[in-house]
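These notes are about the structure you will find just below.
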Amino acid sequence: MGEADMDFSSYVTSFRSNLCGEPDNSLIGQEVKLCGWVNKRRDHGKLIFIDLRDFSGIVQLVFDSKTSVHSYKLAKTIRNEYVITVTGVIRKRSVETINTSIPTGEVEVAVMDMVIFSKSKTPPFMLDHRDSVEENTRLKYRYIDLRSDQMQENLRMRHRITQTVRKYFDSKGFVEIETPILAKSTPEGARDFLVPSRINRGKFYALPQSPQLFKQILMFSGFDRVYQVARCFRDEDLRADRQPEFTQIDLEMSFVSVEDVINVIEGMFKDIFSHVTGKELNIPFKRITWQESMENYGSDKPDLRYGLNIRDISHIFKKSGFRVFSSVLERGGCIKSIIVKDSKRFSRKDLDNMVGIAKGSGAAGLVWIKLDQDMKFQSPVAKFLSDDEIKVLTETLNLEAGDLVLIVADDFLISCQALGVLRTHIADKSGLIKDGEFNFVWVYEFPLFELGSEEGKITPMHHPFTRPDNETLEYIDNDPLKVKSQAYDIILNGQEIGGGSIRINDMKLQKKIFSLLELSEEKIEENFGFFIKAMEYGIPPHGGIALGMDRLTMILLNLKSIREVIAFPKTQSAVSLLSGSPSGVSEKQLREANIRLVDDM
RNA sequence: GGAGCUGUCGUCUAGCGGUUCAGGACACAUGCCUGUCACGCAUGAGAUCGCGGGUUCAAAUCCCGUCAGCUCCGCCA
C-alpha cells in the first residue's frame with residue numbers, strides 16, 4: 001500500500017490520469033483513465049465487477065451490458081492478473097453498496113472503454129492466500145509474491161529507511177562514495193566469494209565482505225566523513241537473518257572518538273523512527289560494557305526487553321560441602337543463576353530440556369531448584385545443600401514461593417553464556433517479549449582479542465585495525481586478552497544490528513597488533529600491504545560503524561526473516577529459486593576464465 | 001559438516017498398511033445470474049501421493065537412501 005503522504009499527481013502519465021487507490025468522493029463525476037492488474041472479477045451476468053489493483057490500492061470497475069457493449073463483452077474474457085486500462089467515470093455508490101473495507105469503497109468506476117495490455121496465465125497462487133503459501137513457491141514466482149500488499153509494504157518501508165539515512169548523512173556532511181565490488185580479500189574472518197580474472201590469468205578478485213579498507217583509505221584521503229549503502233558478500237552458511245549478499249549502512253569519520261560515532265548513529269535512528277515509523281525515539285540509548293553484558297545477560301547482544309538477569313551466587317558456596325559447586329570455585333570458576341517466576345509452568349520434561357540446552361552451550365550441567373508453596377527446595381541436589389546455604393541463597397536472591405532457580409557452575413564465560421541462552425529460551429517460551437517494543441543498547445569495551453580456534457592463538461574480536469583502549473593498553477605484552485578495545489556494537493531487541501570501532505592510526509601499534517596475531521611480513525604484505533603502505537603517508541584519527549540494513553528493516557517490521565525485506569533472496573542452500581543461480585557455465589566461459597573443473601563426481 | 005521439522009491436484013490440506021490408485025476447500029473450465037465485493041447456483045476437468053530402492057499378499061501410509069524447502073548448531077559480526 002501507498003506512502004502516508006503520497007502525491008498522486010506525480011504518477012499521471014500519458015497512460016493514466018489517476019491511480020487505483022485514489023478515487024473518492026472528491027472525484028465524483030470526473031472521467032478517469034486507470035491502469036492496473038485485475039485483482040478479481042465478479043460476473044453477475046449482465047453486470048460485471050472487476051477490482052483493479054495497482055501499488056496504491058484497489059478500485060471497483062463496473063461493466064454494464066447496456067451502457068458499454070464493447071467493454072462489457074471484453075470484460076467477460078478478463079481473468080485474474082490481466083493488465084488492463086480503462087476509461088470511465090467516477091460514480092458514487094448507493095449507500096447499501098458501499099464497501100467499507102477499502103479506501104475507495106464509497107465510489108466506483110463506470111467503465112466506458114477498456115484495453116487489455118497483457119493477458120495472464122492462471123497464477124500459481126492467489127495473492128489473497130499468499131500468507132499460507134509455502135515459501136519455496138513464493139520464491140519461485142517471486143514476481144507474483146512481490147505484488148502482494150505485504151511485500152510492497154516491506155520493500156517500500158526499506159526504501160524509506162534508505163532515503164532517510166541518505167538525507168540524514170548528507171545533512172551531517174557525509175559524502176557517499178562507491179567502492180569496488182571487484183575487490184581484494186578483506187581481513188574480516190568470513191570466506192570470500194572469488195571472481196576469476198580473464199585478463200590476469202590465474203588470478204582472482206574477491207567480492208568485498210564490507211567496504212572496510214576502502215572507507216578507511218577515504219579517511220586517509222581527507223574526505224573527513226563518508227558513508228555508503230553498501231552491498232557486502234560473505235560465503236558462509238545462511239540463516240533466517242543471514243544471506244550471502246546483504247546490505248550495510250557503512251560509514252567512517254575522521255577526528256572522532258567513540259562518543260562522536262555513537263552520537264551520529266543515535267541521531268540517525270531518531271530520524272528513521274520519526275520519518276519512517278512515526279514514533280519518537282528516546283536518545284541517548286543505554287550503554288553497557290561487554291563485561292556487564294556477559295555478566296548480566298550472558299550474551300554480547302543482550303535483549304533488555306525483559307528481566308531474568310543473571311545473578312552471581314559464588315560467595316554462598318565458597319565452603320560448600322557440595323563438591324560440584326566448591327570444586328568449580330577452587331579452580332577459579334564461578335556460580336551463576338537466574339530466577340524464573342511461576343515455576344509450575346515448567347514440567348520435568350521442560351527442565352530436562354533446559355539441562356540439555358545448558359550442556360549444549362558448553363556448561364558441565366545445570367542445577368535447578370523449584371520452591372514449593374512452603375518455600376521448600378525441590379531439586380535433585382537439595383540434599384547436598386546445607387540449611388545455612390539454603391537460607392543465604394533464599395535471602396540473597398529474594399526467593400519467593402513458586403520460584404525456579406537455574407544454576408550453572410563453571411568458568412565465568414561458560415556459566416554466563418549457558419544461562420544467557422536459557423534466558424532467551426525461557427523468555428521466548430513464556431511470552432515475556434512484547435511485540436512493538438524497540439529496545440536499543442550499545443555494548444562497548446569489547447576485549448581486543450579472543451582465543452582463536454587454533455590452540456593458544458589469539459584473533460581479533462572485531463578486526464585487526466581496531467584501536468585498543470588506552471587504559472588497558474599496558475597489558476598488551478604480558479596479557480593481551482586483558483586489553484579492551486574501542487569497539488562498539490548496537491543491539492536492537494537482542495539482535496546485533498551494527499558494530500564498529502575507532503581504528504588504529506599509529507603504525508607502530510598496528511605492527512605490534514600484527515605480530516601478536518602472528519601474521520608474517522609476507523602475509524601482511526600479501527593481504528593488505530597496500531593498506532599498510534597508505535598508513536605511512538599521514539592519516540587522521542578515525543573510526544566508523546556498519547549497520548545491517550536487512551536486519552534493521554526486518555526488526556522494524558516485526559518480521560522473522562530478512563528474506564521478507566529482500567526482493568530476490570536466496571534459499572538456505574544459497575540458490576535463487578527464481579533465476580536458478582548458481583548454474584553451470586559453458587566450456588568457452590571456463591576457458592576464458594582459465595578455469596578447469598575438477599571432475600570428482 | 002551435524003541435528004530437527006516438512007514434502008499428497010495450480011494452491012492449502014484430509015488420509016498415516018486393505019470398501020480411498022486418494023476426500024475437501026479455494027483456484028481453473030463451461031453454462032446461468034443487474035449490485036457484488038470471500039458474489040451465488042449448476043456441471044466438469046485436474047494428483048501414480050518429491051524421487052529411488054526395500055519390507056509385505058497389499059504402501060501415499062512402514063523401513064533405508066536421496067533430493068528440495070525451513071529452523072538451529074558449527075561457520076559467520
Side-chain angles (χ1 to χ4, degrees), chain A residues 39-52 58-67 72 76 79-81 91 93-102 104-105 108 110 120-141 144-145 186 188-192 209-210 212 232-244 246 248 250 300-301 356-357 360-362 421 425 443 446 450 453 459-463 466 487-491 495-501 545-548 551 560-561 563 569-575 577:
Chain A
N39 202 56
K40 187 77 192 174
R41 182 178 67 115
R42 290 179 296 281
D43 187 340
H44 286 239
K46 293 277 165 347
L47 184 72
I48 299 169
F49 299 104
I50 283 176
D51 291 337
L52 190 66
I58 288 178
V59 67
Q60 174 166 281
L61 312 177
V62 187
F63 296 80
D64 193 312
S65 55
K66 284 179 193 150
T67 46
Y72 165 79
K76 280 274 180 202
R79 295 294 180 269
N80 283 354
E81 300 306 316
R91 163 170 99 186
R93 296 204 202 183
S94 64
V95 185
E96 61 287 4
T97 60
I98 285 173
N99 182 357
T100 51
S101 61
I102 54 172
T104 63
E108 63 192 8
S120 169
K121 287 168 71 171
T122 304
F125 56 90
M126 287 186 298
L127 257 37
D128 307 8
H129 296 178
R130 176 226 177 235
D131 286 344
S132 57
V133 174
E134 278 187 32
E135 194 177 2
N136 54 359
T137 308
R138 288 176 42 211
L139 290 175
K140 188 172 168 190
Y141 300 96
I144 293 177
D145 188 35
T186 52
E188 272 106 320
R191 192 177 295 112
D192 284 318
Q209 295 177 27
S210 83
Q212 184 62 37
C232 306
F233 306 86
R234 291 177 191 167
D235 189 4
E236 297 291 349
D237 286 357
L238 292 84
R239 288 284 190 282
D241 63 351
R242 273 168 25 195
Q243 285 271 309
F246 60 99
Q248 283 186 349
D250 210 315
D300 56 5
K301 40 184 186 186
I357 291 172
S361 316
V421 173
H425 169 78
V443 176
F446 279 78
E450 62 188 336
S453 44
T459 57
M461 206 160 197
H462 190 58
H463 60 56
T466 304
Y488 33 81
D489 277 359
I490 178 73
I491 313 301
Q495 298 192 64
E496 187 206 322
I497 54 164
S501 64
I545 191 168
L547 306 157
R551 275 185 203 175
K560 290 196 169 57
S561 159
R563 293 186 297 275
K570 295 186 174 55
T571 67
Q572 193 159 49
S573 53
V575 163
L577 293 180

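Fair warning: this is a prediction, and the values are worked out from it, not measured in the lab. First the proteins, then the strands, lettered A, B, ... as listed; each starts at 1.
With a cut-off of 3.5 Å on both pairing distances, B:rA47 has no Watson-Crick or G-U wobble partner at all. Using N1 to N3 plus N6-O4 or O6-N4 for Watson-Crick, or N1-O2 and O6-N3 for G-U wobble, each under 3.5 Å, B:rA3 pairs with B:rU71. When Watson-Crick and G-U wobble pairs are counted only if both distances are under 3.5 Å, B:rU56 pairs with no nucleotide at all. B:rU19 makes up no base pair with any nucleotide shown, lacking Watson-Crick or G-U wobble contacts both under 3.5 Å. For B:rC32, the paired nucleotide is B:rG40, the pair qualifying as Watson-Crick or G-U wobble because both relevant distances are below 3.5 Å.
Look at A:Arg563 and you'll find a side-chain N or O under 4.0 angstrom from OP1 or OP2 of B:rU71. OP1 and OP2 of B:rA77 both lie 4.0 Å or more from every side-chain N or O belonging to A:Gln212. The phosphate of B:rA27 (OP1 or OP2) has no side-chain N or O of A:Thr122 nearer than 4.0 angstrom. Within the 4.0 Å cut-off from OP1 or OP2 of B:rA68, not a single side-chain nitrogen or oxygen of A:Ser573 is found.
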Give me, pair by pair, the N or O atoms of the protein and of nucleotides 37-41 of chain B that are less than 3.5 Å apart, along with how far apart they are.
unit_1 : atom_1 : unit_2  : atom_2 : d
B:rC37 : O4'    : A:Arg42 : NE     : 3.1
B:rC37 : O2     : A:Gln60 : OE1    : 3.3
B:rC37 : O2     : A:Asn99 : ND2    : 3.0
B:rC37 : N3     : A:Arg93 : NH1    : 2.7
B:rC37 : N4     : A:Arg93 : NH1    : 3.4
B:rC37 : N4     : A:Thr97 : O      : 2.3
B:rC39 : OP1    : A:Lys40 : NZ     : 3.1
B:rC39 : N3     : A:His44 : NE2    : 3.4
B:rC39 : N4     : A:Asp43 : O      : 2.1

Might you list the N or O atoms of the protein lying below 3.5 Å from N or O atoms in nucleotides 1-4 of chain B, with each pair's distance?
unit_1 : atom_1 : unit_2   : atom_2 : d
B:rG1  : O6     : A:Asp237 : OD2    : 3.4

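Nearest heavy atom pair, residue A:Leu139 against residue A:Pro569, reads CD2-CG, 3.7 Å.
Protein atom NZ of A:Lys66 is 13 Å distant from nucleotide atom P of B:rC33, rounded to whole Å. Here B:rG50 presents its P atom at 12 Å from CD of A:Glu134, a figure rounded to the nearest Å. Rounded to an integer number of Å, the gap from A:Asp241 CG to B:rC76 P is 15 Å. As a whole-Å value, the separation of A:Arg138 CZ from B:rC70 P is 11 Å. Residue A:His129 contributes atom NE2, which lies 9 Å from atom P of B:rC26 at whole-angstrom precision. In this structure, NZ of A:Lys140 is placed 11 Å from P of B:rG10, rounded to the nearest angstrom. The distance between atom CD1 of A:Ile48 and atom P of B:rC33, rounded to the nearest whole Å, is 12 Å. Between the NZ atom of A:Lys46 and the C1' atom of B:rG31 there is a distance of 13 Å, given to the nearest Å.
Sparse packing is recorded around NZ of A:Lys301, with 12 or fewer heavy atoms of other residues, nucleotides or ligands lying under 6.0 Å away.
Atom P of B:rG44 sits at a distance of 42 Å from the matching atom of B:rC5, rounded to the whole Å.
Of the options A:Thr122, A:Leu127, A:Ile144, a side-chain contact (heavy atoms from CB on, under 4.5 Å) to A:Glu81 is made by A:Leu127 and by none of the others.
Using a 4.0 Å heavy-atom criterion, one finds that A:Glu108 contacts the bases of the nucleic acid, with or without backbone contacts as well. In this structure, A:Glu135 reaches the sugar-phosphate backbone alone: every heavy-atom distance under 4.0 Å involves primed, P, OP1 or OP2 atoms, never a base.
Contact check on A:Asp51 versus A:Arg42 returns a salt bridge, with a Lys/Arg side-chain nitrogen under 4.0 Å from an Asp/Glu carboxylate oxygen. Ion pair A:Asp145/A:Arg138 flagged as a salt bridge, since at least one NZ, NE, NH1 or NH2 atom sits closer than 4.0 Å to an Asp/Glu carboxylate oxygen.
The residue among A:Arg79 and A:Val133 whose nearest nucleotide of RNA chain B is located toward the 5' end is A:Val133. Place A:Ser132 and A:Phe49 on RNA chain B by their nearest nucleotides, and A:Ser132 ends up nearer the 5' end.
Closest to the side chain of A:Gln248, from the set B:rA29, B:rC33, B:rA77, is B:rA77.
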